[in-house]
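Below, read A as the first sequence line, B as the second, and so on, with proteins coming before strands; counting in each chain starts at 1. Because the structure is predicted, anything quoted here is derived from the model rather than measured.
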There are 2 protein chains.
Amino acid sequence: MSIRSRSDSPADAGGPAGSARARNLTHVHPADVPLQAALDAVADPVRRAILCELAGEPDWTRACGTFDLPVGKATRSHHFAVLRRAGLIEQRDAGPRRVNRLRRPEFDEAFPGLLDLVLKETPPAGG
Amino acid sequence: MSIRSRSDSPADAGGPAGSARARNLTHVHPADVPLQAALDAVADPVRRAILCELAGEPDWTRACGTFDLPVGKATRSHHFAVLRRAGLIEQRDAGPRRVNRLRRPEFDEAFPGLLDLVLKETPPAGG
DNA sequence: TCATGTGGTCGACCTCCATCGAACAGTTTA
DNA sequence: TAAACTGTTCGATGGAGGTCGACCACATGA
C-alpha cells in the first residue's frame, strides 16, 4: 500500500497561519482512520444524509448550516466533527461560514466501496 | 439487477419439515436487508470477529460455541442472531449444535465491498 | 462599538444496545 | 429416565452516543 506523507494538511493552504478558528480545525487522513471509526461514522443516518447532500455538489460550496437535517445546530456540529475525524470530509473557514468538501478519492482508497454504498443508498421510503 | 426468488430458503433443504428448532430459524436474504441494518451489523467488533473466523474455514464446519469471543453465551447468541437477520450468515442445526456459513456471494452482491473491508481488517494492535 | 449571523462548546438528558445471570428448550448418550 | 451439552429467551443493568438548550467565540457590516 502507498503510505503517503500525511503532513500535507490541506486546510492549512490559504494563508501563513490562518485564523484562530482555522487553527482548531484538525483533520485526519482516511488512511489513519480505524475501520471501527469509519463504520461508526457511516452507521448514522443523519451523517449519511450529510454525505449524500455533499456528494451532489461541487467542493467548498456547502456550509454546515445549509444542510436539510432534522436536528438542532448543536447536534449538527457534532455530526460534522465526527465526519471530519473519520476522514470523510474536509472543512475550511470562509468568513463566518464553514464550507465542506467530501474526501472521496482519499476515503475510497482507504475503504474501497464503503462510500459508494452510502451514496447509492435508496432513501427508505416516501421522503 | 438480478432479483432472485428469495423463496429458496436454503435452511429448509435437508428434510421434509425439519426439526422444531430449525423451524424457528428464519433467514433474511441480503437483498432484503436495509443498508442501516448491514452497517449496524458490521459496526460491532465482536460480530466482525465472528465473520473473520467464519471466513477462514469451510462452510458448515463451525458451531456457534467454537468461536473465541470475549463474551458470554447469551451475548454470543444475540450476535449470531443479528448477523443472521442482516443476511451475513446462514445457520443450520446439526444435532445439538448450530453450524454456520458465511453468505459471502449473496452479501457481496447486495453490499459490494463491505464484507471485504471487514475481512481485510487488521486487528488493532499487539493481539 | 454594536448588532447579526454562523458555528462550536458545555452540561444534562435519554434512548438504544451490548452484556450478563438465570431459566428454559432441544439433542445426544448412557 | 437422567445427565450432559448446546443454544435461546428473559429480565435487568451499564455505558456509549445522539439530542437538546444555553452560552460562548469568531467574522462581517454598519
Side-chain angles (χ1 to χ4, degrees), chain A residues 11 14-15 17-27 34 36-50 54 60-86 89-100, chain B residues 11 14-15 17-27 36-50 54 60-86 89-101:
Chain A
S19 63
R21 278 176 74 210
R23 246 170 281 132
N24 289 342
L25 245 185
T26 62
H27 286 83
Q36 182 70 66
L39 292 175
D40 286 340
V42 300
D44 185 275
V46 174
R47 290 194 284 266
R48 287 202 303 277
I50 294 176
L54 209 46
W60 313 119
T61 60
R62 296 294 302 270
C64 296
T66 68
F67 288 76
D68 184 31
L69 302 173
V71 295
K73 70 170 183 172
T75 305
R76 182 182 319 235
S77 179
H78 164 67
H79 284 310
F80 275 95
V82 171
L83 290 174
R84 201 177 60 233
R85 285 193 292 261
I89 66 170
E90 188 180 344
Q91 299 189 297
R92 180 183 298 175
D93 286 331
R97 300 188 182 177
R98 181 160 284 186
V99 290
N100 300 273
Chain B
S19 64
R21 278 177 74 210
R23 245 171 282 133
N24 288 345
L25 243 186
T26 62
H27 285 83
Q36 182 70 67
L39 292 176
D40 286 340
V42 299
D44 185 276
V46 174
R47 291 195 281 267
R48 287 202 304 276
I50 294 175
L54 209 46
W60 313 120
T61 58
R62 296 293 303 268
C64 297
T66 69
F67 287 75
D68 185 30
L69 303 173
V71 294
K73 67 173 183 172
T75 305
R76 181 182 318 235
S77 180
H78 164 68
H79 284 310
F80 275 94
V82 172
L83 290 175
R84 201 177 60 234
R85 286 194 292 262
I89 65 170
E90 187 180 343
Q91 298 188 297
R92 179 183 298 175
D93 285 332
R97 300 187 181 175
R98 182 160 283 187
V99 290
N100 299 273
R101 170 193 162 251

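- Rounding to the nearest 0.5 Å places CG of A:L25 at 10.5 Å from CZ of A:R92.
- In this structure, the CZ atom of A:R85 is 12 Å from the C1' atom of D:dG17, given to the nearest Å.
- Going from atom OG1 of A:T66 over to atom CG of A:L54 covers 9.0 Å, rounded to the nearest 0.5 Å.
- The CZ-C1' distance, from B:R92 to D:dG7, rounds to 18 Å in whole Å.
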Could you pull out the protein-nucleic contacts involving nucleotides 8-10 of chain D (nitrogen or oxygen on both sides, under 3.5 Å)?
{"residue": "D:dT8", "atom": "OP1", "partner": "B:R98", "partner atom": "NH1", "Å": "3.1"}
{"residue": "D:dT8", "atom": "OP2", "partner": "B:S77", "partner atom": "OG", "Å": "2.4"}
{"residue": "D:dT8", "atom": "O5'", "partner": "B:S77", "partner atom": "OG", "Å": "3.0"}

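- Both B:V82 and B:A94 lie near DNA chain C, and the one whose nearest nucleotide falls closer to the 5' end is B:V82.
- In this entry the distance linking CG of B:D40 with C1' of D:dA16 reads 14 Å, nearest Å.
- Nucleotide D:dG7 holds its P atom 15 Å from the NE2 atom of B:H79, rounded to whole Å.
- Look at CG on B:D44: it is 18 Å from P on C:dC16, rounded to the nearest Å.
- Spacing between atom CZ of A:F67 and atom P of C:dT6 amounts to 14 Å, rounded to whole angstrom units.
- Applying the side-chain hydrogen bond (donor to acceptor under 3.5 Å, both in side chains) test to pairs two or more places apart or on separate chains, those with a residue in residues 67-80 of chain B are B:R47-B:H79.
- Looking only at side-chain heavy atoms (C-beta outward), B:H27 and B:E90 come within less than 4.5 Å of each other.
- Rounded to the nearest 0.5 angstrom, B:R85 CZ and B:F80 CZ are separated by 13.5 Å.
- A:L39 approaches B:V42 most closely through the heavy-atom pair CD1-O, 3.3 Å.
- The distance from atom CD of A:Q36 to atom P of C:dA18 is 11 Å, rounded to the nearest whole Å.
- Heavy-atom nearest nucleotides on DNA chain D were determined for A:V71 and for A:G95, and the one closer to the 5' end corresponds to A:V71.
- The CZ-P distance, from B:R97 to C:dT29, rounds to 11 Å in whole Å.
- In this structure, A:A86 and A:A41 approach most closely via the heavy-atom pair CB-CB, 3.6 Å.
- Taking the nucleotide of DNA chain D with the nearest heavy atom to each of A:P70 and A:P96, the more 5' of the two is matched to A:P70.
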